[in-house]
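The structure appears right after this line, and notes come after that.
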Amino acid sequence: MGFSYFGPMNSVFSKEDLHEIRKRGMTQDGVLSQIEQLARGFPFAHLDRPCTRGDGITVLGEAEKERMTRIYSEAALSGRAMKFVPSSGAASRMFKSLLSVKNRGPKNGGPSAEHALTGQDPDARAVHKFMSELSSFAFYEELKGVMARDGLDLMTQIAQGRYGVILEYVLGPKGLDLANLPKGLIPFHAYAHHARTAFEEQIVEAVLYVRDRGGKARIHFTVSPEHRLLVEKHTAKIRSLYETGEVRLEITFSMQEPSTDTVAVDHANVPFRDRSGRLVFRPGGHGALLGNLDSLQGDIVFIKNIDNVAPDRIKGETVEYKTALGGCLIELQERLFSYVKILAQEKVDQHLVEEILQFLKTRLSVVPPDNLKHRPLSEKRVFLFNLLNRPIRVCGMVRNEGEPGGGPYWVKSPDGSLSIQIVESSQVDMSSEPQRNVWQSATHFNPVDLVCGLRDYEGKPFDLMRFRDPDTGFISVKSQDGRELKALELPGLWNGSMAFWNTVFVEVPSSTFSPVKTVLDLLRSEHQPNGEAKRKEHGA
């Protein structure tokens, strides 16, 4: 059933509702528009084909990679670069299996807590794996310490199978309280004298490629409101470890604005209310961070997820490719700016138009609509100016090795034009066999490894909101108070929110991608000090 509105506005919202809407910085018309979108749904993307090497994905040779690095280095030294890290995710998702077993075991955590682990379900296997490799986690020594403070020996607890006690100390407030922290505050990697959190690893990495000539490295983290003080205290505490005479850190924070939340509805597309009768709003997904990125008014900005970090022993290749991607961006910018300046002066002939169209095809993977060739020269000039005068992103793409997530595809627009886009599965009509086949034939996927050019040919910041595609959000089904609701996700930060950016995909090695989605991912070789994975069946 679609949402329809027949009466005056206050028949939909009460005075209390309108107060709540205004308090969030939203408008009643905006909320009504969201409800209509939830009823209408979103059109599917039309996949033409996957991007592959040489067909939408650029492969850099060694000489070209070195040249790009040289190009980028000068820009970084001049202070143009910074790093933007979406990091508001909660660690509870990392510990989902452990929390599941903890919540179904006896509260006293005695030896009989094993009753929750006698089955062969994935959660039980994950807890067994976690306990058997506990000493391999970077938070092991700290866990031993907090348990010893209460007179408990960790090894004895493991030997006696008192897993409930251990889980309480790992996850709950009597111990490390890891399940209630943001993911960025989980100790990821063990070093000789210190265990580094994901926040620390992001800072260390940023220093290696965004530091300017004066030693300043600019890093911006988006954090959730409930965790901001914790994160700020943590970074204040550890920054002296990484600030030396040659390095100064400029660390800033922002939060996802309440105005980017979206209203929930039931399956009849009527506003969903909690047990107190209040409207339910939900976070709009990482697409809501476009406003945070826009507010930075940055120049060259690297974007990387908080959990995609590597220890020092394998950071080299990551930094190597980051700087190469930065060089690709700057070289592309210079060529684009030269064309835009000419187009802005209206000094255009057919020869230049043909040159730009070839550039669009070979460097930006853009095929304009067929009818462009029949338009007068003046219209072609305006079309090309608007097409080139946009933000730029250069995105690293890794070989598809079974990781979940979106990927690079050629997408056809209603006007027949083609462009390369990062597409999520929710945007694809999986009931269509041809579309499903294109989706499944992808050779690469998106690791969220991108560098963005956010200023125009005159050095002015783009208004990023102008270049997103509002038709690329999606609808998910969640539950609250034992009832299902429909939630609206805004166009994703690196797909729909950047749909109308000029885009280049570059192949990067899988060694530059080491995400931590579950706590057991920390047992992978890339996260272990000696580089050896603990067991092949990791992730069971």
Under a 3.5 Å threshold, yes or no: a donor from one side chain and an acceptor from the other, between [X] and [Y]?
| X | Y | result |
| --- | --- | --- |
| Y209 | E205 | yes |
| N305 | N308 | no |
| D150 | Y169 | yes |
| D153 | T156 | yes |
| T222 | N292 | no |
| S14 | E16 | yes |

Can you list the residues that meet the side chain to side chain donor-acceptor pair (under 3.5 Å) rule with R436, with sequence neighbours excluded?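 Side chain to side chain donor-acceptor pair (under 3.5 Å) check on R436 returns nothing, list empty.
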
Partners meeting side chain to side chain donor-acceptor pair (under 3.5 Å) with N400 (sequence neighbours left out):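 Applying side chain to side chain donor-acceptor pair (under 3.5 Å) to N400 gives none.
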
For D449, which of K304, K322, K83 qualifies under salt bridge (charged side-chain N to carboxylate O under 4.0 Å, His left out)?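 Of all the options given, the one that passes is K322.
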
Among K102, R162, K174, find the residue that satisfies the salt bridge (charged side-chain N to carboxylate O under 4.0 Å, His left out) test when tested with E168.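 The salt bridge (charged side-chain N to carboxylate O under 4.0 Å, His left out) with E168 is passed solely by K102 among K102, R162, K174.
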
Quick one, V31 and F13 - any side-chain contact, counting heavy atoms below 4.5 Å?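 Sidechains of F13 and V31: in contact.
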
Going by heavy atoms in the side chains, are I420 and P408 under 4.5 Å from each other?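 In short, these two side chains do not touch, never coming nearer than 4.5 Å.
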
If we check side chain to side chain donor-acceptor pair (under 3.5 Å) with H189, which of these qualifies: R196, E201, H194, E200?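 Testing each of R196, E201, H194, E200 against H189, the sole residue satisfying side chain to side chain donor-acceptor pair (under 3.5 Å) is E201.
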
Heavy atoms of other groups near R22 CZ, more than 12 under 6.0 Å: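 Check passes, neighbour count above 12.
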
Residue pair K486, F272: steps toward the side-chain contact (heavy atoms from CB on, under 4.5 Å) verdict: CA-CA 9 Å; K486 287 169 37 175; F272 188 95; over 6 Å; no

Between F137 and F130, is the gap from one ring center to the other below 6.0 Å?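 Centroid distance F137-F130: below 6.0 Å, so yes.
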
